[in-house]
Amino acid sequence: MTSMQEYKAHRKALKAQIKETKALLTQLEQELEEEREEMQHEQVEHLEEYMEKAQPHLEDLKTLSTSALSDFKDSLHNLMEWLKGSKSK
């Protein structure tokens, strides 16, 4: 059987371990958060690089879509003119 003094000493030691473990957990959580933020910054930097590299291709796509839309508009106009001509005959 343990004495009251042994019990109190054991309890005090356990509380100290709990306190130490909580402090370690807090430290590890902070380190994890710092690493997560650092990774996010790296990903943003990579994204900015990709956007810079994609910019010329986006300009090409814009030119192509503008040209295609203009051709479609002209074709639609020609079709309407043809239909109007067919109706008048």
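All values below come from the heavy atoms of this structure, side chains included, with hydrogens, waters and symmetry mates left out.
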- Spatial distance of atom CD (Q5) from atom NZ (K8) [nearest 0.5 Å]: 8.0 Å

- Item | Donor-acceptor contact below 3.5 Å, side chain S75 vs main chain D71 | yes

- Note on the structure: Taken in chain and number order and not counting sequence neighbours, the residues that satisfy salt bridge (Lys or Arg N to Asp or Glu O under 4.0 Å) with R11 are none

- Message: Applying side chain to side chain contact (heavy atoms under 4.5 Å, CB included) to E33 and E37, what does each step give before you reach the verdict?
- Response: CA-CA 6 Å; E33 181 63 19; E37 288 177 5; 3.2 Å; yes

- Hey, could you give me each pair passing side-chain hydrogen bond (donor to acceptor under 3.5 Å, both in side chains) that has a residue in residues 13-31? Not counting sequence neighbours. Q27-E31

- Message: As an exercise, state the distance from CZ of R36 to NE2 of H41, rounded to the nearest 0.5 Å.
- Response: 9.0 Å

- Task: With side chain to side chain contact (heavy atoms under 4.5 Å, CB included) as the test, would you mind laying out the steps for Q55 and L58 before giving the verdict?
- Result: CA-CA 5 Å; Q55 191 63 34; L58 293 175; 4.2 Å; yes

- Item | Reported CG-to-CG distance for the pair L83 and N78, which is rounded to 0.5 angstrom | 11.0 Å

- Output the distance between atom CD1 (I18) and atom CG (L25), rounded to the nearest 0.5 Å. 13.0 Å

- Task: Please test L14 against H10 for side chain to side chain contact (heavy atoms under 4.5 Å, CB included), starting from the C-alpha separation and ending with a verdict.
- Result: CA-CA 6 Å; L14 288 176; H10 185 66; 3.5 Å; yes

- Would one find more than 12 heavy atoms of other residues, nucleotides or ligands at under 6.0 Å from atom NE2 of H46? yes

- Output yes when a side-chain donor or acceptor of S70 lies under 3.5 Å from a complementary backbone atom of T66, and no otherwise. no

- Does CD in E38 sit with more than 12 non-hydrogen atoms of other residues, nucleotides or ligands closer than 6.0 Å? no

- Task: Find the distance between NE2 (H77) and CH2 (W82) and round it off to the nearest 0.5 Å.
- Result: 15.0 Å

